[in-house]
There are 4 protein chains.
Amino acid sequence: MPDLPQPRRIPRQSRSRALVDSILEATAHVLSERGYAGTNTNLVAERAGVSVGSVYQYFPNKDSLISALHERHATEMHAAMEAVLAGMPSQGLRAQLAAIVRAWMAAHQIAPELHRVLEKEFPFFDAPPDQSPADQSIYARVHQLLEAHRDGLVPQDLSLAAWVVLQSMESLIHAAIIPPGTPHPIEKTEQAIIDMLTGYLHGGQQPDSR
Amino acid sequence: MPDLPQPRRIPRQSRSRALVDSILEATAHVLSERGYAGTNTNLVAERAGVSVGSVYQYFPNKDSLISALHERHATEMHAAMEAVLAGMPSQGLRAQLAAIVRAWMAAHQIAPELHRVLEKEFPFFDAPPDQSPADQSIYARVHQLLEAHRDGLVPQDLSLAAWVVLQSMESLIHAAIIPPGTPHPIEKTEQAIIDMLTGYLHGGQQPDSR
Amino acid sequence: MPDLPQPRRIPRQSRSRALVDSILEATAHVLSERGYAGTNTNLVAERAGVSVGSVYQYFPNKDSLISALHERHATEMHAAMEAVLAGMPSQGLRAQLAAIVRAWMAAHQIAPELHRVLEKEFPFFDAPPDQSPADQSIYARVHQLLEAHRDGLVPQDLSLAAWVVLQSMESLIHAAIIPPGTPHPIEKTEQAIIDMLTGYLHGGQQPDSR
Amino acid sequence: MPDLPQPRRIPRQSRSRALVDSILEATAHVLSERGYAGTNTNLVAERAGVSVGSVYQYFPNKDSLISALHERHATEMHAAMEAVLAGMPSQGLRAQLAAIVRAWMAAHQIAPELHRVLEKEFPFFDAPPDQSPADQSIYARVHQLLEAHRDGLVPQDLSLAAWVVLQSMESLIHAAIIPPGTPHPIEKTEQAIIDMLTGYLHGGQQPDSR
DNA sequence: TATGAATGAGCTTTCATTCAT
DNA sequence: CATGAATGAAAGCTCATTCAT
């Protein structure tokens, strides 16, 4: 399990691209429906309508499938974030964070079972999650966001603040969405997440905040 | 697999108790060193110095080992929390939360690898985490803590607030400690976690918060 | 599997006798309800209300349990035969065979599932069935019966005839009773068995033999 | 375990066919030499010169191996019966039954140990023997035989008669051949079986039937 | 004698991975 | 490149049997 989940060959031809996509799609399906323990490469191949051999043409091993799925998810989250921010260029940090939280919550609600598997079962592959390019981009973007509003922030170490914001945002969203999910109304939970982030970032300078 | 974590027989004699403990200890060791995928019942038995049969005398299956380990961890965290709070009866909420965070951080630093496996690889058994009695106790205690300081709190729904506080506290601690851990100094991270919780609970009512 | 199913010690004390009986009874129950594959010594011991160790006090191994059960059954069948014949001292062979068939059919109908297991799963232990004392007695009695009516018999080799009669009688009764049993009414089947035996033994000389 | 005997995939290519055959052959060998208890899938695979995986490619589980063997045997017996009858189109029932008995006796003498296992150890899988297509065909053929000679028969219910004839014929042949076998000369036993069947069917009114 | 915790060989079955076609 | 039959290591779990108490 030491080799990194790098696709064996970078597929550029559209046919290969489609193949990779359908394999990934199949992986997501099987993973959602049967969990990690119930997922195996033959099943994925069958579901994708290709042979096992073809799966191994593009993915060095079973775990790389999940790795790729995780990266795809991170990429989608990054895109969602960019899309949302592009639509609200010069607004306040609170509004921007709120928009991100809402967008991510919405995105996760589409396939909660898959995200459960991805979140709960993925990390155990030795792949350090921070190696993911998409994760890096997300981090960078949040960092940039904080810098843009540096003046109003309580935390001074923006790297640390970005890390804290991202970690708690992600884990709260996951906890809220992933089965069994929040015991509370989803909108209230969403608001609480936003409040928490804002409280941290803007938190203390208010004189009445004891 | 829905009703696992019940030991096959309730061990009352000290010999049985010791056996169960050594099996659990062995599980923790093997899990830490080899991860879930590399852990198997024969290995655990060997490490515990007993036969596989004995393992199955007390645990219905492999997963129940991890279940039990998880419960043990939750129980320890609950105890740590109680111990810390007992030593500071009538202090402010911030101080109390800070104490809990520090105690838990310290506790997790003892066997970070084990916690990585427990946190990251355990949840994939369908066992809903909320079924755990120890987890319930922890939640109840935090809820009680918030109630005792209800007057100074911004969030009004204390159930929700307890859920948010617990989720973010736990996930941030895990993210900080579990390999690869924070890229930031541990004390600063710790402080940031405390700030976040306090910011949420005491923080953001300010309309001018931009 | 080479050692013969001889009880370790011949129990003479009444307490031992009762123990052996309850173990045998438990074996019969478990065997009936779960089949050979589902039967194990611990289950039998539990059902009998004794410890496994006690089972091994009286039976050298698992198979000897079934052996003993088989022997018990054969003994019962022998007794039933003797009882029936004792009540009809000087009647015709046909009537006597008919009485035996009816008695055995009735006896087998009490616990068909157990007999299924006994008949179908027992023979596979290397114990040669003819070693059984009770089986020997049954054979001897049938042989004696034929001798008593030697004059009216077509077959001249009475040893062979006794073997044929016993084999077909037993197998037809088993086939009739053991699930799924005959597809025909039990009385008609019973009559057919009697007809077959009589047809063989009396062959053709009786014009009234229908 | 109710619907076993279906091979996982229907082998059409000659290579697969050969594989299935060699696995079955290996099963027969191992079963003959070591009995059911001593038979395991790894042994079968080894003997067949294939890997365990290949065994499971064509047979869903261990028991289905024996199921298949049983069906193969029934098919062979059916074929033997047809072959024999084809060679004696318009002869008397007695002659035809005699021919079948002789053919089956001969067939069983080839691998008595295997038949012992098949007959004695097989039925304990819940597979109802009557489900077997080959068994059905055999029954149908015997029924047809009786119908063709209906006029000379004492039994009027031909279904019942066919059942009785088949049951006793098979069980007597098995008892004669399967170790430890008859204590009587094989030819005399064979003749006795034929006499029994004829005695039942013709009731003995034929004075020439000795 | 009775107990039942402990043993551990051994079995069935799965599935990631390969490679001849 | 694609295929999918074949591989075989490996793992979970059972249960007949023992023996210290």
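Computed from a prediction, not measured in an experiment: that's the story for all the values here. Letters go in sequence order (proteins before strands), and every chain restarts at 1.
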If each of A:N40 and C:V52 is mapped to the nucleotide of DNA chain E with the nearest heavy atom, which maps nearer the 5' terminus, i.e. the 5' end?
-> C:V52
Quick one: C:L43 CG to F:dT14 P, roughly how many Å, whole number?
-> 13 Å
Rounded to the nearest 0.5 Å, how far does CG of D:L69 lie from CD of D:E25?
-> 8.0 Å
Taking OH from C:Y56 and C1' from E:dA6, how many angstroms apart are they, rounded to a whole number?
-> 14 Å
C:D63 CG to F:dC15 P: how many Å, rounded?
-> 14 Å
From the options F:dA5, E:dT12, F:dG12, select the nucleotide whose nearest atom is closest to the side chain of D:Y58.
-> F:dA5
Out of E:dT13, F:dT17, F:dC1, which nucleotide sits closest to the side chain of C:T41?
-> F:dT17
Decide whether a cation-pi geometry holds between A:K62 and A:Y56; the criteria are a distance under 6.0 Å from NZ or CZ to the six-membered ring centre and an angle within 45° of the ring axis.
-> no
Within this structure, what is the CD-to-C1' distance between B:Q57 and F:dG12, rounded to whole angstrom?
-> 17 Å
Rounded interatomic separation in angstrom, taking CG from B:N61 and P from F:dA11 = 16 Å
Partner nucleotide, any strand, of E:dA20 [Watson-Crick/G-U, under 3.5 Å] = F:dT3
Given DNA chain F, 5'-ward residue of the pair B:K62 and D:V50, judged by closest heavy atom | D:V50
With DNA chain F as reference, determine whether B:T39 or D:S51 sits nearer its 5' end, using the nearest nucleotide of each.
-> D:S51
Considering non-hydrogen atoms only, spot the tightest contact between A:A74 and A:D135 and give its length.
-> CB-OD1, 3.5 Å
Counting any heavy atom closer than 4.0 Å, what does C:N42 reach on the DNA or RNA strands: base, sugar-phosphate only, or nothing?
-> base
